[in-house]
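A quick write-up on the structure given underneath.
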Amino acid sequence: TVGAVALDAQGCIACLTSTGGLTNKLPGRVGDTPTMGTGFWAEEWKPTGPLARLWRKLTRKPLRVAVGVSGTGDGDYFIRLNAASTVAHRMKYLGESLEKATSAVVEDLKLNGGLGGLIAVNQDGQVALPLNCSGMYRGVIRTDGVPKTAIFDDE
Amino acid sequence: TKPVLVIHGGAGTLDRSRLTPELRVKYIAALEQALLAGNEVLTNGGEALDAVVAAVTVLEDCPLFNSGKGAVFNSAGKNELEASVMLSRPPSNRPDILPTRRGLGVTLITRAKNPSHLVRALYLAPESIHHAFLSGAYPEDFAASRGETLVDPSYFWTEARWREHRRGLGLPEDPLPYPSTTDSSDAPLDQLPKG
């Protein structure tokens, strides 16, 4: 499986995931890659809690939160746990950071027997690339134009 | 907003002992090429949608990764591809796309050379594609009518993926159904990928 998540200069986040699926999967098997909320998710929302009200009061602008997620790994587990949208829901309803939400979902996958990883970007350009296995091909590039890549979990 | 792009290939139990220096160079080169392709879109003021398509296209065209050329086989020896796209909000230059149009997934794809191009074509055609999830031949034929490339399913065949498919089923690996066009030493680290 391959995927990408980007934040553009207009503040829009897009995620795209593409796969051949699972080796020797049964014909007709559908994985998490095309299943909305499990292997991919992007969402923008305006928080409404006390902190958001304080933010609006101080900045006179509405607080905007956005996230995009793409996943790879044991797709059937991503489906059972609605992994990708759960990242956004943890941020929205628990107020978790991008890093905490993605790590929690990846850890939950592992506890349920699923190996894999996620990549995610939020509205501030923060990124998270957690994995619960020995490796995930991954990379990030920012405005400096310098690509950074890694393969194994300790890189 | 300062643009940023992140990408991934497969994840799972990757075998360090299989990663020769030469193979590592190939993986890193492909990842960097994907990042640079997407970043070029972003640094030129392009949209996130086009950036992720540019990045994923590079990985789909690389036989090292389980997507597009190099996709794994199902138990019947066929490639069934899947792809999806989703945006946090509609593209700024497309007022015709309703905010409710969040994203789209396709599955059981067998002929689209680049499934990433297919989902973008479907996403940007909301007037006729008003569903969130499509499968089979129709989305491919629709995308082809919008100029996307369809290929014979044999395009996706690679020796490494074919051998792991046959080996996984306990079947003889030879003879190969097609002459190999890829380097047989480029056996992926993620043997029997999990998708």
Side-chain angles (χ1 to χ4, degrees), chain A residues 1-27 30-31 33-36 40-44 66 68 70 72-75 115-117 119 121 125 127 129 131 133-143 145 147 149 151-152, chain B residues 1-14 27-28 31-32 35-36 38-39 42 45 47-49 51-53 55-56 59-60 65-67 71-72 74-76 79-89 92 103 105-107 115-116 132-133 164-165 168-169 192-195:
Chain A
T1 305
V2 304
V5 185
L7 167 70
D8 64 27
Q10 291 75 41
C12 178
I13 295 175
C15 62
L16 197 153
T17 316
S18 177
T19 191
L22 179 74
T23 304
N24 291 330
K25 62 187 178 182
L26 294 176
V30 177
T33 291
T35 308
M36 194 174 285
F40 71 104
W41 189 256
E43 184 176 3
E44 178 178 309
S70 176
T72 178
D74 283 326
L115 297 182
I119 61 169
V121 174
V127 304
L129 303 91
L131 60 155
C133 47
S134 64
M136 176 170 75
Y137 307 102
R138 58 203 188 277
V140 59
I141 192 165
R142 296 182 180 279
T143 48
T149 60
I151 298 177
F152 294 105
Chain B
T1 304
K2 288 188 175 179
V4 62
L5 169 70
V6 289
I7 61 169
H8 69 79
T13 306
L14 305 188
Y27 272 112
I28 297 301
L31 292 170
E32 288 185 349
L35 287 168
L36 292 170
N39 192 54
L42 293 172
E47 304 216 345
L49 174 61
V52 291
V53 171
V56 168
L59 301 176
E60 286 176 335
F65 297 99
N66 175 20
S67 66
V72 300
N74 67 15
S75 61
N79 301 110
E80 290 180 332
L81 311 180
E82 305 178 321
S84 57
V85 67
M86 194 164 186
L87 274 67
S88 61
R89 61 172 190 249
S92 56
V106 294
T107 188
S116 60
F133 196 4
E164 75 183 20
H165 150 66
L169 295 177
L192 303 177
K194 305 222 173 162

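The figures that follow rest on heavy atoms only: side chains count, while hydrogens, waters and symmetry mates do not. Note on naming: letters A, B, ... go to the chains in the order of the sequence lines (proteins, then strands), and numbering restarts at 1 for each one.
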message = Angle between ring planes, A:Tyr137 versus B:Tyr27, binned at 30° and 60°: parallel, tilted or perpendicular?
response = parallel
key: Residue, of B:Glu80, B:Lys2, B:His8, B:Arg89, that accumulates the most heavy atom pairs under 4.5 Å with chain A   = B:His8
ask   = For the residue pair B:His165 and A:Thr23, what are the closest heavy atoms and their distance?
value = CA-CG2, 4.4 Å
ask   = Which one, A:Pro147, A:Ser70, A:Gly139, leads in non-hydrogen pairs under 4.5 Å with chain B?
value = A:Gly139
remark   = Note: vs chain A, highest number of non-hydrogen pairs under 4.5 angstrom among B:Ala71, B:Ser84, B:Pro3 is B:Ser84
query = Among all residues two or more places apart in sequence or in another chain, which pass the salt bridge (charged side-chain N to carboxylate O under 4.0 Å, His left out) test with B:Glu47?
reply = none
Result block: side-chain N/O donor-acceptor pairs under 3.5 angstrom for residues 6-15 of chain A, not counting sequence neighbours:
from	atom 1	to	atom 2	distance (Å)
A:Asp8	OD1	A:Gln10	N	3.0
A:Asp8	OD1	A:Gly11	N	3.1
A:Asp8	OD1	A:Cys12	N	3.0
A:Asp8	OD2	B:Ala48	N	2.8

inquiry  = Taking side chain as everything from C-beta outward and backbone as N, CA, C, O, which of these in B:Leu42 sits under 4.5 Å from a heavy atom of chain A? Side chain, backbone, both or neither.
reply    = side chain
remark   = Most contact-rich option vs chain A, by heavy-atom pairs under 4.5 angstrom, among B:Val53, B:Leu81, B:Val56, is B:Val56
query = How far apart are the closest heavy atoms of B:Leu5 and B:Val52, and which atoms are they?
reply = CD1-CG1, 4.4 Å
key: Largest heavy-atom contact set with chain B, pairs under 4.5 Å, which of A:Pro27, A:Ala66, A:Gly117   = A:Pro27
ask   = Judged by atom type as modelled, is there a donor-acceptor pair below 3.5 Å linking the side chain of A:Arg138 to the main-chain atoms of A:Phe152?
value = yes
ask   = Taking every heavy-atom pair that is under 4.5 Å apart, which of B:Leu35, B:Thr107, B:Leu31, B:Val106 has the most such pairs with chain A?
value = B:Leu35
request  = Mind listing the closest non-hydrogen atom pair of B:Asn74 and A:Lys25 along with its distance?
outcome  = CB-O, 3.1 Å
query = Which residue out of A:Val140, A:Ile119, A:Ile141 racks up the most heavy-atom pairs below 4.5 Å with chain B?
reply = A:Ile141
key: Which of B:Gly105, B:Gly103, B:Ser88, B:Gly45 touches chain A most, by non-hydrogen pairs under 4.5 Å   = B:Ser88
ask   = Looking at B:Ala55, B:Ala51, B:Ser116, which makes the most heavy-atom pairs under 4.5 Å with chain A?
value = B:Ser116
query = Between A:Ile151, A:Thr35, A:Leu129, which residue shows the highest count of heavy-atom pairs closer than 4.5 Å to chain B?
reply = A:Ile151
message = Rounded at 0.5 Å granularity, tell me how far CG in B:Leu49 sits from CE in B:Met86.
response = 13.0 Å
